[in-house]
**Q** 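Please find one structure pasted underneath; my questions will follow.
Small disclaimer: the values here were computed from a predicted structure and weren't measured. We count residues from 1, following the sequence as given.
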Amino acid sequence: MSVLVFIETEDGKIKKSSREAISYGAALGDVTALALGTVNADELATAGQNGASKVLHVADERLNAGLIQPYAAAIAAAASEAGADVIVTAKSSLADAVVGRVSMKLGASLVSNVVSLPDTSNGFQVKRSIYTGKAFANVNMTTDKKVLAIKKNAVEIKEDGGAASVEAFSVSLDDSLFGTKITSTEKAEGDVLLPEADIVVSGGRGLKGPENWGIIEDLAKTLGAATGCSKPVSDMDWRPHHEHVGQTGVKVSPTLYVAVGISGAIQHLAGVNSSKYIVVINKDEEAPFFKAADYGIVGDAFEVLPKLNEALKAAQ
């Protein structure tokens with residue numbers, strides 16, 4: 001099976017979620033990856049570690065802006081060039097807008113939020129997460145070409161491959177595809193960003209004020225985690241809005257989610273229930289979040305977190 005994987009990059013580096021997509025594709029067949037815009041060839045060659053045999057690079061500076069229409073055109077052209085049966089990408093805000101157009105151009109079926117490898121014993125059936133992670137759906141894909149958007153943190157990254165060959169790929173992109181102009185971009189800041197994080201430490205109103213957030217940040221630093229917060233915390237401007245985790249904020253699916261002083265309203269749970277493990281720390285033993293937790297600690301965050309942090313440091 002021939003597979004094309006679309007690579008997303010940030011600050012000149014391949015995103016972790018794209019490495020997951022490459023690893024997923026490598027389990028299906030021979031992977032050709034596609035990178036768009038200005039990226040160092042040495043960095044692209046590292047896609048081979050994750051299972052790509054070759055990387056096609058469209059080094060058109062106009063693609064640095066991440067515009068939807070030219071991206072879709074380039075991906076469709078690369079899929080045709082590679083003779084790809086399956087096009088794979090990580091699910092992201094950019095990919096969500098692009099893959100629908102790609103599927104239309106190729107006459108392909110599309111499934112997003114894919115969480116596991118397809119069952120090919122009787123056709124081509126994929127499992128996807130639905131209802132904000134509360135349930136799964138098995139979808140049969142019957143078209144010759146298929147587009148899969150893989151849910152973040154759903155795939156273990158393969159790291160035992162060699163270097164991929166990097167080839168320049170030329171695509172004719174009409175100026176009309178660049179009719180949209182991005183006038184400004186505001187990026188979330190932090191050592192580890194929420195959408196890419198494997199571990200997230202979040203705080204709620206139980207922290208009592210922004211001046212107490214140091215214990216959250218200290219624990220996150222020890223764990224190599226991103227920091228998040230509940231909606232009331234961001235509404236009160238204790239923390240920036242890009243850290244708001246929940247149904248109306250950032251939806252996360254880390255391996256570990258640590259909730260500190262968060263009661264567990266349904267809107268917050270909707271944004272975190274795809275986490276593999278949930279740890280809840282709250283002094284209220286009746287807090288609803290404990291019902292969703294894999295592990296829980298009933299106690300005062302101001303006493304528990306410093307002790308937990310010191311224990312983790314000692315174990316490293």
**Q** With a 4.5 Å cut-off on side-chain heavy-atom distances among I, L, V, M, F, W and Y, is there a chain of contacts connecting L4 to V126?
**A** no

**Q** With no hydrogens and no angle check, do the side chains of S53 and D30 hold a donor and an acceptor under 3.5 Å apart?
**A**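 A pair is found: one side chain offers a donor N or O, the other an acceptor, under 3.5 Å apart.
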
**Q** Within the supplied structure, the quantity of interest is the number of heavy atoms (other residues, nucleotides, ligands) at a distance under 6.0 Å from K283 NZ; does it exceed 12?
**A** no

**Q** Could you name each residue pair satisfying salt bridge (Lys or Arg N to Asp or Glu O under 4.0 Å) that touches residues 89-113, not counting sequence neighbours?
**A**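 Output for this query lists K91-D96.
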
**Q** For residues 59-84, which residue pairs pass the ring-ring contact (aromatic ring centres under 6.0 Å, His included) check, not counting sequence neighbours?
**A**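 Listed by first then second residue: F6-Y71.
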
**Q** State, without any angle test, whether E243 and T227 hold a side-chain donor-acceptor pair at a distance under 3.5 Å.
**A**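 There is such a pair (donor and acceptor under 3.5 Å, judged by atom type) between the side chains of E243 and T227.
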
**Q** Assess the side chains of T9 and K15: does a donor N or O sit below 3.5 Å from an acceptor N or O?
**A**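 No, no side-chain donor-acceptor pair sits under 3.5 Å.
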
**Q** Is any side-chain heavy atom of R205 closer than 4.5 Å to a side-chain heavy atom of M236?
**A** yes

**Q** Will you find, in the side chains of T255 and D198, an N or O donor that is under 3.5 Å from an N or O acceptor?
**A**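 Judged by distance alone, the side chains do pair up.
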
**Q** Quiz question: by atom type and distance under 3.5 Å, do the side chains of N64 and T38 form a donor-acceptor pair?
**A** yes

**Q** Passes side-chain contact (heavy atoms from CB on, under 4.5 Å), N50 versus V5? Steps please.
**A** CA-CA 11 Å; N50 315 120; V5 177; over 6 Å; no

**Q** Provide the full list of salt bridge (Lys or Arg N to Asp or Glu O under 4.0 Å) pairs with a residue in residues 43-57, sequence neighbours left out, each pair given once.
**A**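 Counting only pairs at least two positions apart or across chains, the salt bridge (Lys or Arg N to Asp or Glu O under 4.0 Å) contacts touching residues 43-57 are K13-E43, R19-E43.
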
**Q** Could you tell me whether the side chain of V200 reaches within less than 4.5 Å of the side chain of L256, counting heavy atoms only?
**A** no

**Q** Assess whether side-chain contact (heavy atoms from CB on, under 4.5 Å) is satisfied between I87 and L106, documenting all intermediate values.
**A** CA-CA 10 Å; I87 296 88; L106 298 176; 3.6 Å; yes

**Q** Tracing side-chain links under 4.5 Å among I, L, V, M, F, W and Y, which residues wind up in one group with V115?
**A**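 Listed partners: F136.
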
**Q** T222 versus Q316: any side-chain heavy-atom pair under 4.5 Å?
**A** yes

**Q** Taking ring-ring contact (aromatic ring centres under 6.0 Å, His included) as the cut-off, I'd like each qualifying pair that reaches into residues 245-282, sequence neighbours left out, listed once.
**A** Y257-H268, H268-F289

**Q** Between T143 and S109, do the side chains contain a donor N or O and an acceptor N or O under 3.5 Å apart?
**A** yes

**Q** According to a hydrophobic-cluster definition based on side-chain heavy atoms being under 4.5 Å apart (Ile, Leu, Val, Met, Phe, Trp, Tyr only), do V298 and Y295 belong together?
**A** no

**Q** Indicate whether the side chain of N153 and that of K276 have a donor and an acceptor atom separated by less than 3.5 Å.
**A** no

**Q** Evaluate side-chain contact (heavy atoms from CB on, under 4.5 Å) for V88 paired with V3, printing each intermediate quantity in order.
**A** CA-CA 7 Å; V88 177; V3 181; 3.8 Å; yes

**Q** Walk me through it: do D119 and K127 pass the test salt bridge (charged side-chain N to carboxylate O under 4.0 Å, His left out)?
**A** CA-CA 9 Å; D119 178 358; K127 184 178 181 180; over 6 Å; no

**Q** Output, in order, the C-alpha distance, side-chain angles, deciding distance and verdict of salt bridge (charged side-chain N to carboxylate O under 4.0 Å, His left out) for E303 and K307.
**A** CA-CA 7 Å; E303 297 177 1; K307 292 178 181 178; 5.5 Å; no

**Q** Please indicate whether I266 has more than 12 foreign heavy atoms, meaning atoms of other residues, nucleotides or ligands, lying under 6.0 Å from its CD1.
**A**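 No, the 6.0 Å shell around CD1 holds no more than 12 heavy atoms from other groups.
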
**Q** Are any of the side-chain nitrogens in K221 or E217 under 4.0 Å away from the carboxylate oxygens of its partner?
**A**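 No, no charged N to carboxylate O under 4.0 Å.
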
**Q** Using the ring-ring contact (aromatic ring centres under 6.0 Å, His included) rule, collect all pairs that involve residues 16-48, keeping only residues at least two apart or in two chains.
**A**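 Matches after skipping sequence neighbours: none remain.
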
**Q** Does E211, at its CD atom, have more than 12 non-hydrogen atoms belonging to other residues, nucleotides or ligands within less than 6.0 Å?
**A** yes

**Q** Membership question, hydrophobic clusters at under 4.5 Å side-chain separation (ILVMFWY): are L44 and L36 in the same one?
**A** no

**Q** Under a 4.5 Å cut-off applied to non-hydrogen side-chain atoms, are I262 and V280 in contact?
**A** no

**Q** Please determine whether residues V279 and I216 belong to a single hydrophobic cluster, defined as Ile, Leu, Val, Met, Phe, Trp and Tyr linked transitively by side-chain heavy-atom distances below 4.5 Å.
**A**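 Yes.
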
